[in-house]
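Since the model is a prediction, treat every value here as computed from it, not as a measurement. Because only heavy atoms are used, hydrogens play no part in the values below, and waters and symmetry mates are left out as well, while side chains stay in.
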Amino acid sequence: MTITDEDCLPETLAFNEQFEAAAASRPARGRTPSAATLTLLRRGRLGGDAPPVRLPHGQDRVVEGGVRVRVFMPGRVDGVYLHLHRGGWAFGSADGQDERLWRLAEQTRLAVVSRPSSSDSSCSAPPRPSCSR
C-alpha cells in the first residue's frame with residue numbers, strides 16, 4: 001500500500017512542513033556543529049530557540065548508582081513508561097521534553113521516567129547499532 005499526502009491528517013502535514021523548514025536550518029548530519037550552534041540546538045524547540053519549558057509536575061531524582069532521572073506522576077498510575085533521550089542535539093534536548101512527557105503521563109495514566117543519554121551535556125549521542133542480516 002502506498003501512502004500519499006491525501007492519507008495524512010492536516011495536523012501531520014502541517015507538522016511535516018514545519019519540521020522540514022526547521023531541519024533546513026540545522027547542520028548536516030555527520031558534521032560536528034560549532035559551539036555556538038550547539039548552544040542554540042541545546043535550547044532546542046522546533047519552532048525556534050526559546051528555552052525549554054520545565055513543568056512543576058516533573059521531579060528530578062537520583063536513583064541507585066547516581067543515575068539522574070526526571071519523573072512525571074499523574075493522579076492515577078497504571079504502569080510505567082521509560083523515556084530514553086538519545087541526545088544528538090538535532091531537534092530538542094533531554095531537558096526540553098516536559099510538556100510532551102507530562103501530556104503522555106496524564107493521557108495514558110503512566111508514570112513517565114525520563115533519562116537523558118548522558119549526564120555530561122558535552123557528550124554526543126552513543127553510536128547506533130547497525131542492522132545486518
[X] side chain near [Y] side chain, heavy-atom distance below 4.5 Å:
X      : Y     : result
Thr108 : Tyr81 : no
Asp60  : Arg54 : yes
Arg70  : Asp98 : yes

Could you work out, with salt bridge (charged side-chain N to carboxylate O under 4.0 Å, His left out) as the rule, every residue matching Arg103, not counting sequence neighbours?
none
When rounded to the nearest 0.5 angstrom, what distance separates OG in Ser114 from CZ in Arg68?
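Interatomic distance, Ser114 OG to Arg68 CZ, rounded to 0.5 Å: 10.0 Å.
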I need the Glu99 CD to Leu104 CG distance, nearest 0.5 Å.
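That separation rounds to 13.5 Å.
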Tell me whether the rings of Trp102 and Phe72 are parallel (<30°), tilted (30 to 60°) or perpendicular (>60°).
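Taking Phe72 first and then Trp102, their aromatic rings sit tilted (interplane angle of 30° to 60°).
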Should Leu13 and Phe15 be regarded as members of a common hydrophobic cluster, given that ILVMFWY residues are connected when their side-chain heavy atoms come within less than 4.5 Å of each other, either directly or indirectly?
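No, Leu13 does not connect to Phe15 through the hydrophobic network.
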Do Val67 and Val71 belong together in a cluster built from hydrophobic side chains that touch within less than 4.5 Å?
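The answer is yes; both residues are in one hydrophobic cluster.
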Heavy-atom closest pair, residues Pro74 and Ala105
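Residues Pro74 and Ala105, closest heavy atoms: CG-O, 3.4 Å.
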Compare every heavy atom of Leu110 with every heavy atom of Val80, then report the nearest pair and how far apart it is.
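So the minimum-distance heavy-atom pair works out to N-CD2, 3.8 Å.
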